[in-house]
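Quick notes on the structure that follows.
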Amino acid sequence: MAASRALSLKVAALRAVTPWWNSRLLAASARLQAHRDVSSSSPKAGEGQIHLTESCVQRLLEITQGSEFLRLEVEGGGCSGFQYKFSLDTVINPDDRVFEQGGARVVVDSDSLAFVKGAQVDFSQELIRSSFQVLNNPQAQKGCSCGSSFSVKL
């Protein structure tokens, strides 16, 4: 089970940085154009939301296949106390919240949502790395310079 999970995380990491040319890119662009409306499974507007940037939506449409989505989790660790963890997944658990924009989906479990509600998920492409990142997290007091670790407001 652990070896299978490690392999799927490696595949997900490769998908996040590997360009998908021609048909995948064109299909993603068509899906993005067709699904410009923002929607969420959130029943009330005042509840915790996760916002997706255009670059996040576009990259997710390029790398996800079928029922895949991006899972955002918060776990203890990192240099500031908590760290963000991103992975591609296909299983939605009963305590998960689904945030959809433009056909791209990000899923956050209820425990992690308490640490990221109101934040923005972005895809950043730089010379040294390409990655999904959490930006403007109102629940974070401070973060580290790499952007993957943070401490919470008390």
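Numbers here simply count residues along the sequence, with the first being 1. Computed from heavy atoms alone, side chains included, the values below leave out hydrogens, waters and symmetry copies.
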### Query
So how far is it from S87 OG to E73 CD, rounded to the nearest 0.5 Å?
5.5 Å
### Query
Do F99 and V107 come close enough that some side-chain heavy atom pair is under 4.5 Å?
no
### Query
Of all heavy-atom pairs between A119 and P138, which one has the smallest distance, and what is that distance?
N-CD, 3.7 Å
### Task
Go through the structure and list residues passing side-chain contact (heavy atoms from CB on, under 4.5 Å) with N93, not counting sequence neighbours.
R71, V91, D95, D96
### Query
Listed by chain and number, what are the ring pair (Phe, Tyr, Trp, His ring centres under 6.0 Å) partners of F69, not counting sequence neighbours?
none
### Task
Taking the six-membered ring for Trp and the single ring otherwise, decide whether the centroids of Y84 and F115 are under 6.0 Å apart.
no
### Query
Roughly how far apart are R105 CZ and S67 OG, rounded to 0.5 Å?
6.5 Å
### Message
Do L88 and I63 make a side-chain contact, defined as non-hydrogen atoms from C-beta onward lying under 4.5 Å apart?
### Response
yes
### Query
Among L60, L135, V108, L72, which residue meets the side-chain contact (heavy atoms from CB on, under 4.5 Å) test with V121?
L72
### Task
With the side chain counted from C-beta on, respond yes when I50 and L113 share a heavy-atom pair under 4.5 Å apart, and no when they do not.
yes
## Note on the structure
Looking only at heavy atoms, the pair that brings F150 and A140 closest together is CD1-CB, 3.7 Å
### Query
Which distance, rounded to the nearest 0.5 Å, do you find between the CG of L70 and the CZ of R59?
11.5 Å
### Task
List for me each residue that meets side-chain contact (heavy atoms from CB on, under 4.5 Å) alongside Q83, sequence neighbours excluded, and say none if there are none.
E75
### Task
Calculate, to the nearest 0.5 Å, the distance between atoms CG and CD belonging to L61 and Q101 respectively.
10.0 Å
### Task
Grab the two heavy atoms, one from Q139 and one from A114, that are nearest each other, plus how far apart they are.
CG-O, 3.6 Å
### Task
Check side-chain contact (heavy atoms from CB on, under 4.5 Å) between D111 and all other residues, then give those that pass, not counting sequence neighbours.
D109
### Summary
Contacts of S124 meeting side chain to side chain donor-acceptor pair (under 3.5 Å) (sequence neighbours excluded), chain-then-number -> E126
### Task
Identify the two heavy atoms, one from S130 and one from F123, that lie closest to each other, and give their separation to 0.1 Å.
CB-CZ, 3.8 Å
### N136 to Q120 - nearest heavy-atom pair and separation
ND2-OE1, 3.2 Å
